[in-house]
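Everything on this sheet refers to the single structure shown next.
Keep in mind that what you see is a predicted model, and the values were worked out from it rather than measured. The figures here come from the full heavy-atom set of this structure, side chains too, leaving out hydrogens, waters and symmetry mates. Order of the sequence lines fixes the chain letters, A, B, ..., with proteins taken first and strands second; residue numbering starts at 1 for each chain.
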Amino acid sequence: MRLSRLFFTTLRDDPADADMASHRLLVRAGYVRQLGSGIYSLLPLGFRVQQRIEQVIREELDAIGGQEMEMPVVHPADLWRQSGRYDKIGPEMARFKDRGERDMVLAMTHEEVVADLVRDIVNSYRQLPIIVYHFQTKFRDEPRARGGLIRVREFVMKDSYSVDADEAGLDRSYQLHYEAYRRIFERLGLATVAVGSDVGIMGGSGAHEFMVVNPHGEDTLVLCPSGDYAANQQVARVAVPPPTGEEPLAAEEVATPGTETIATLAAFLDVPASRTAKAAFFVTGDGRLVTAVVRGDFEVNETKLSNAAKAVGGLRPATAEEIRAAGMEPGYGSPVGAHDTLVVLDALAAASPNLVGGANRPGFHLRNLNAPRDFSPDLTVDIANARAGDPCPECGAPVTLAQGIEVGNIFKLGTDFTRALGATYLAEDGSRHHPVMGSYGIGLGRNMACIVEAHHDEKGIVWPASVAPYPAHLVAIGANRDPAVAEAAEGLYKRVTDSGVEILYDDRDESPGVKFTDAELLGMPMIVTVSPRSLAAGGAEVTDRASGDRSVRPLAEVEAELAGG
RNA sequence: CGGGGCGUGGCGCAGCCUGGUAGCGCGCCUGCUUUGGGAGCAGGAGGCCGCCGGUUCGAAUCCGGCCGCCCCGACCA
């Protein structure tokens, strides 16, 4: 591709609205342009990178038996009503009516379509298992786009779906994807950590997210330094140490004026926050009051609480009136004497005797609070939010926290969708079952951005060879005043191109400085310079973009290497 | 949705406070010179100052409303 013809432009200045390196560089180097908030065009260079990422994914999914297909972007709303998600999903799903006044949606994902196809096509266990996938545009009306290509509203995603006869089959398909994802991200040059994650609106029995550690990441990861444990903080377990053997003491009320926070309470009584109990109050989407009790030195993890309480429609903080209506006092609250509320006690708090907790009377707390003696929890489960330095739930070493960007995810869906859509198959013994599904996603643009995050320097992008839009960038210097340069560069370009290998060729009438700067900004793995100087030295100067190593090599040798792919 | 910031030529910005009819750098076009690290000289093109309304003799500038974009938070396969 001749740069003189390429539809692109480089920018000398950073765009004002770009914060992240990937955003800055992809715009400056002419790979992408923004059209609206969270909506981007891929220019020819960016599109080629996306295609190369796509090809890596395609190869690895084909290798585990995946079959590529394509499913529609626009779905009838009825399909989503059948799965129950039409009402479950909020305004992030775009909805519209077609000319016949029929409700339609822009698909955020394709579980429904796969389940619908399975319903039509699969009759027998002999047809299973199946892995299908496609690369398709998604539109999700995110509340806030951010970080350039990191969180956008319209994007191309690879989504694959496994359909198996039973849970054991799902486990195999899930494991196949897990391993394929490892290989994919390895080939893309992304260092990922697979973390256990929340299943969210998908339901299902298990999920992992493949995360790239990055300070701009939107998720917080809990990582064991020895690699024994990695989880999204949303679901990260908090270890419960063995009982101390401390005997429960008699509860006693103590006046604690003006201590509505754990910090003021601990200071007033001169006890560590870890010897207090914190009550937090929420209301579920269907109007139930949930009282969560964690140790005072922890925060409530709302995801874990919401899952434990099976909160329909999520949780919102309760109002003071709602708390008082259940017999509790904001700022001095505990489940002692409470009524009409689901009490969820954190496992660590349950294992911590003699805490200071609210007396449900303004200005008073209770010393030596102990469950179930002083109140009866409906549930005793882990609902505390993991902190840096907490012991790893596997090995006990202190965990660290890091921010991460989710570059891929895998979900065990189970039979929710096939059940809802009424897809069944006949087993060997003639019994009828719902196929078991899994779903697996990778966002292409986000991966492109993460690759740039991981592979750039102060001069520009440094593409890994696996995804570079072109393997090499040929720069002709002084071609318009030295016919030998023009002839050598044109000849090299023509013969390499004729061999079937496309490279970038800077044939523009620009100064050497501009050409070198652009070549480094654009980031092809190899920069080949042909100039009077290089010819005098015996050929073309070859620069490795990543290492900066340079050498002058005979034209024929460079040509052979490029043509050889 | 809450908080903050920003909207002036393709890009980056100044001008706004204190109203008087728009400027700088880069880029772009033409010519000459230059040619291994974002060249020089000369000439030139290009702006509904986000939109609507108001105040005023006069608005990029002051006032009101709206729209858009970015960041933090809320939210989130």
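A close approach under 4.0 Å does not occur between any side-chain nitrogen or oxygen of A:S439 and OP1 or OP2 of B:rA77. Close to B:rC70, at under 4.0 Å from its OP1 or OP2, lies a side-chain N or O of A:Q34. Distances shown here put every side-chain N or O of A:R153 at or beyond 4.0 Å from the OP1 or OP2 atom of B:rC76. Residue A:R140 places none of its side-chain N or O atoms closer than 4.0 Å to OP1 or OP2 of B:rA77. Contact between the side-chain N/O atoms of A:S511 and the OP1/OP2 oxygens of B:rA39 is found at a separation under 4.0 Å.
The same atom, C1', is picked in B:rC16 and in B:rG40; the two are 36 Å apart, to the nearest Å. A distance of about 16 Å separates the P atoms of B:rA45 and B:rG25, rounded to the whole Å. Look at the C1' atom in both B:rG47 and B:rG23: the space between them is 11 Å, to the nearest Å. A distance of about 50 Å separates the P atoms of B:rA77 and B:rA39, rounded to the whole Å. Atom name P, nucleotides B:rG53 and B:rC13: the rounded distance is 30 Å, in whole Å. B:rG50 sits 10 Å from B:rU8 when the C1' atoms are compared, rounded to a whole Å. Comparing the C1' positions of B:rC48 and B:rC67 gives an interatomic distance of 15 Å, to the nearest angstrom. When the C1' atom is used for both B:rU30 and B:rG4, the distance is 47 Å, rounded to whole Å.
Put simply, CD on A:E458 is 16 Å from P on B:rG38, counting in whole angstrom units. When the P atom of B:rC69 is taken as reference, atom CZ of A:R24 falls 22 Å away, rounded to whole Å. Taking atom CZ of A:R316 as the reference point, atom P of B:rC75 lies 14 Å away to the nearest angstrom. In this structure, A:I442 atom CD1 and B:rA77 atom C1' are separated by 13 Å, rounded to whole Å. Nucleotide B:rA77 holds its P atom 10 Å from the CD atom of A:E406, rounded to whole Å. Rounded to whole Å, atom P of B:rA77 lies 19 Å from atom CZ of A:F210. The separation between A:L25 atom CG and B:rC11 atom C1' is 16 Å, rounded to whole Å. Rounding to whole angstrom units, CD of residue A:E112 and C1' of B:rA77 are separated by 13 Å.
A:E54 has a carboxylate O that lies under 4.0 Å from a charged side-chain N of A:R58, or vice versa, which qualifies the two as a salt bridge. With respect to the salt-bridge test (charged N to carboxylate O, under 4.0 angstrom), the residues A:D19 and A:R24 do not qualify. Between A:R140 and A:E92 there is no salt bridge, since no side-chain nitrogen of the basic residue lies less than 4.0 Å from a carboxylate oxygen of the acidic one. Using a 4.0 Å cut-off between charged side-chain N and carboxylate O, A:R28 and A:D14 make a salt bridge. Using a 4.0 Å cut-off between a side-chain N of Lys or Arg and a carboxylate O of Asp or Glu, A:R545 and A:D457 qualify as a salt bridge.
By the 4.5 Å heavy-atom criterion applied to side chains, A:I503 and A:H473 are not counted as neighbours.
Counting non-hydrogen atoms under 4.0 angstrom, A:Q234 reaches nothing in the nucleic acid. If you check every strand for non-hydrogen atoms under 4.0 Å, A:A537 touches nothing.
Listed by chain and residue number, A:D141 satisfy the salt bridge (charged side-chain N to carboxylate O under 4.0 Å, His left out) test with A:R153 (two or more places apart in sequence, or in another chain).
With B:rG36, B:rA39, B:rA77 as the choices, the nucleotide that has an atom nearest any side-chain atom of A:V514 turns out to be B:rA39. Among the nucleotides B:rC75, B:rC70, B:rG38, the one closest to the side chain of A:P143 is B:rC75. Considering only the side chain of A:R550, B:rG37 comes nearest among B:rG12, B:rG37, B:rA77. Closest to the side chain of A:F411, out of B:rA77, B:rA74, B:rU35, is B:rA77. Taking every side-chain heavy atom of A:D19 into account, B:rC71 is the closest of B:rG12, B:rC76, B:rC71. Taking every side-chain heavy atom of A:D518 into account, B:rG38 is the closest of B:rG36, B:rU35, B:rG38. Of the listed nucleotides (B:rA77, B:rG36, B:rC69), B:rG36 has the atom at the smallest distance from the side chain of A:R533.
Ring pair A:F210/A:Y181 is tilted by interplanar angle, where 30° to 60° counts as tilted. A perpendicular orientation is assigned to the rings of A:H75 and A:H110, their planes being inclined by more than 60° (bins at 30° and 60°).
Taking a pair to require two hydrogen-bonding distances under 3.5 Å in either a Watson-Crick or a G-U wobble arrangement, B:rG36 remains unpaired. Nucleotide B:rU55 forms no Watson-Crick or G-U wobble pair with any nucleotide shown, as no partner meets the under 3.5 Å limit on both distances. Of the nucleotides present, none pairs with B:rU21 by Watson-Crick or G-U wobble criteria with both distances under 3.5 Å. B:rC26 is paired with B:rG10 under the Watson-Crick or G-U wobble criterion, all donor-acceptor distances under 3.5 Å. The partner of B:rC48, taking Watson-Crick or G-U wobble pairs whose two distances both stay under 3.5 Å, does not exist in any strand shown. Pair assignment for B:rC1: B:rG73, on the basis of Watson-Crick or G-U wobble contacts that are both within less than 3.5 Å. Using N1 to N3 plus N6-O4 or O6-N4 for Watson-Crick, or N1-O2 and O6-N3 for G-U wobble, each under 3.5 Å, B:rG31 pairs with B:rC41.
Note: A:Y470 and A:W463 fail the aromatic proximity criterion, with ring centroids not under 6.0 Å apart.
By the 6.0 Å and 45° rule, A:R288 does not stack over the aromatic ring of A:F282. Geometrically, A:R2 does not engage A:Y505 in a cation-pi contact, judged by NZ or CZ lying under 6.0 Å from the ring centre and within 45° of the ring axis.
Remark on RNA chain B: of its neighbouring residues A:H216 and A:G36, the 5'-side contact belongs to A:G36, judged by nearest-heavy-atom nucleotide. The residue among A:P15 and A:Y161 whose nearest nucleotide of RNA chain B is located toward the 5' end is A:P15.
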### Query
Where do A:Y40 and A:L149 land on the side-chain contact (heavy atoms from CB on, under 4.5 Å) test, with the steps shown first?
CA-CA 8 Å; A:Y40 285 81; A:L149 292 185; 3.6 Å; yes
## Note on the structure
Scoring nucleotides 23-30 of chain B by protein non-hydrogen atoms under 4.0 Å (B base, S sugar-phosphate only, - none) yields --BSSS--
### Query
Quick one: what's the B/S/- string for nucleotides 42-51 of chain B, heavy-atom cutoff under 4.0 Å, read 5' to 3'?
----------
